[in-house]
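Positions are given from 1 along the sequence.
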Amino acid sequence: MNESSTNSQPAHGKGTNVPATLAIFLIVIAVAAPFLFMGSGKDLVPWRSDLAAASQEAETGNKLLMLDFTAEWCGPCKTMKRTTFADETVKAALEKDFIPVKMDMTDSGPRQAAWSREYSITGVPTLLVTDAKGRLLARHVGGMDSKAFIAWLDDAKQRAGHE
């Protein structure tokens with residue numbers, strides 16, 4: 001007997017539940033949306049890349065150094081770039097009392113190895129505040145939002161007697 005199929009499901013036996021698929025898609029978009037639009041913040045900090053020149057600038061200007069050990073592949077570093085370092089109050093706090101220096105750890109060359117040894121860098125981001133002579137005043141490993149970052153800078157200034 002030849003049976004004709006009246007089953008409306010596809011041959012593989014599983015139907016497609018469009019409303020459920022659409023709901024899942026919308027949930028994924030809703031969760032991902034904040035991360036997709038976070039990239040609009042622009043880093044406002046006037047970073048230096050030459051530590052020796054920055055140290056001289058700090059000494060001449062009676063300022064402290066703020067070293068940001070970062071890497072291109074570092075998620076918290078990217079977040080700080082888009083948020084913390086895109087905040088006008090952070091920019092103003094840094095410009096007033098600090099010389100900010102970006103220490104790029106993306107490559108694993110001899111310079112990065114020397115920085116790792118000299119500054120005990122075991123992960124990024126690592127943020128340091130030093131005086132112009134290199135005396136460590138504050139260390140933080142991990143990301144920080146603007147409010148916590150400014151409080152951290154203020155604490156480092158107090159330690160240095162820069163109030």
Gap separating the CG atom of D43 from the OG1 atom of T83, nearest 0.5 angstrom: 10.0 Å

Closest approach of T126 and I121, non-hydrogen atoms and distance? CG2-CD1, 3.5 Å

Do the side chains of L127 and F149 get nearer than 4.5 Å, heavy atoms only? yes

Is atom NZ of K63 surrounded by more than 12 heavy atoms (other residues, nucleotides or ligands) closer than 6.0 Å? yes

Minimal heavy-atom distance between L128 and Y119, with the atoms involved, is CD1-CD2, 3.6 Å

Closest heavy-atom pair, R159 versus A138, reported as atoms and distance to 0.1 Å, is NH1-CA, 4.4 Å

To the nearest 0.5 Å, tell me how far E88 CD sits from S146 OG. 11.0 Å

Would you say that L44 contacts V90 through its side chain, given a criterion of any heavy-atom pair below 4.5 Å between the two side chains? no

Quick check: is L94 connected to W152 through a chain of hydrophobic side chains (ILVMFWY, heavy atoms under 4.5 Å apart)? yes

What pair of heavy atoms forms the shortest contact from S55 to L65, and how long is it? OG-CD1, 3.4 Å

Please check: side-chain N/O of T60 versus main-chain N/O of E57, any donor-acceptor pairing under 3.5 Å? no

So, T84 side chain and M144 main chain: donor-acceptor pair closer than 3.5 Å or not? yes

Rounded to the nearest 0.5 Å, how far apart are OG1 of T130 and CG of L67? 5.0 Å

Do you know which two heavy atoms are closest between A93 and I150, and how far apart they sit? CB-CG1, 4.5 Å

Establish whether L136 and M103 are linked, either directly or via other cluster members, by ILVMFWY side-chain heavy-atom contacts under 4.5 Å. yes

Under 3.5 Å, side chain of R82 to main-chain N/O of M80, donor-acceptor pair present? no

Between W47 and M66, does a side chain to side chain contact (heavy atoms under 4.5 Å, CB included) hold up when you go through it step by step? CA-CA 10 Å; W47 295 105; M66 197 290 294; 3.5 Å; yes

Decide yes or no for L137 and L64: does some side-chain heavy atom of the first lie under 4.5 Å from some side-chain heavy atom of the second? yes

Determine the minimum heavy-atom distance between W115 and D104, stating which atoms define it. CZ3-O, 3.5 Å

If you group Ile, Leu, Val, Met, Phe, Trp and Tyr by side-chain heavy-atom gaps below 4.5 Å, do V101 and M105 land in one group? yes

Taking the side chain from Q112 and the backbone from G109, do they hold a donor-acceptor pair closer than 3.5 Å? yes

Is there a donor-acceptor pair under 3.5 Å between the side chain of R135 and the backbone N or O of A160? no

Is there a path of hydrophobic side-chain contacts, each under 4.5 Å between heavy atoms of I, L, V, M, F, W or Y residues, that connects L51 with F69? yes

Do R139 and S120 make a side-chain contact, defined as non-hydrogen atoms from C-beta onward lying under 4.5 Å apart? yes

Below 4.5 Å, heavy atoms only, C-beta onward: do L153 and V129 meet side chain to side chain? yes

